[in-house]
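Notes follow the structure.
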Amino acid sequence: MKQIEFIEQFLSKSDKEIVKFSREYGIDLTLEEVKRLRPLSERASITWLITGIPNSFLKEVESIIGKKKLKKLLKYMENY
């Protein structure tokens, strides 16, 4: 459930708020990255709580923010 809460936060905040929010947790997303991630976040599914996030989706995120930031983001979501 924590992952869904995180995604809801992402969807409800402005791009600039997400940049600030992400920096507070050690994930330095740029404004451009946030703008490119927003359409992906809208595709998130509640079924991922059971099945896990699909690898194809993670690859898309990685192509936008890079491997290092993706690892930080996934670690954060595990602990959120």
Side-chain angles (χ1 to χ4, degrees):
M1 194 61 162
K2 294 176 182 179
Q3 292 87 358
I4 295 298
E5 291 172 15
F6 177 81
I7 292 168
E8 286 176 350
Q9 289 265 343
F10 192 92
L11 292 173
S12 67
K13 293 183 180 292
S14 71
D15 292 348
K16 289 181 181 181
E17 289 174 318
I18 293 168
V19 168
K20 183 179 176 184
F21 174 77
S22 69
R23 286 191 178 140
E24 291 175 6
Y25 293 94
I27 308 163
D28 292 327
L29 296 177
T30 66
L31 194 55
E32 180 62 31
E33 289 169 333
V34 170
K35 287 179 181 183
R36 292 178 62 201
L37 286 171
R38 192 169 294 281
L40 292 180
S41 66
E42 293 172 0
R43 292 185 4 216
S45 171
I46 195 150
T47 60
W48 294 357
L49 293 174
I50 298 167
T51 63
I53 301 171
N55 285 335
S56 59
F57 185 85
L58 293 175
K59 289 286 185 194
E60 288 182 74
V61 173
E62 183 179 343
S63 73
I64 295 170
I65 66 174
K67 194 173 206 169
K68 187 176 180 180
K69 289 181 186 179
L70 176 61
K71 283 185 179 184
K72 284 184 177 183
L73 180 61
L74 291 174
K75 183 175 178 155
Y76 170 75
M77 288 180 66
E78 285 176 10
N79 296 325
Y80 183 75

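For the single chain, residues carry numbers from 1 onward in sequence order.
- When all heavy atoms of Pro39 and Arg36 are compared, the closest pair comes out as CD-O, 3.4 Å.
- Under the 4.5 Å side-chain criterion, counting only non-hydrogen atoms from C-beta, Leu40 is in contact with Leu37.
- Judged as a side chain to side chain donor-acceptor pair (under 3.5 Å), the pairs with a partner in residues 59-70 (not counting sequence neighbours) are, in order, Glu33-Lys69, Arg43-Glu60.
- Rounded to the nearest 0.5 Å, atoms CD (Glu32) and CG (Asp15) are 9.5 Å apart.
- The distance from the CG atom of Leu29 to the CD1 atom of Ile18 is 8.5 Å, given to the nearest 0.5 Å.
- Between Val61 and Ile53, every side-chain heavy-atom pair lies at or beyond the 4.5 Å cut-off.
- Applying the ring pair (Phe, Tyr, Trp, His ring centres under 6.0 Å) test to pairs two or more places apart or on separate chains, those with a residue in residues 26-67 are Trp48-Phe57.
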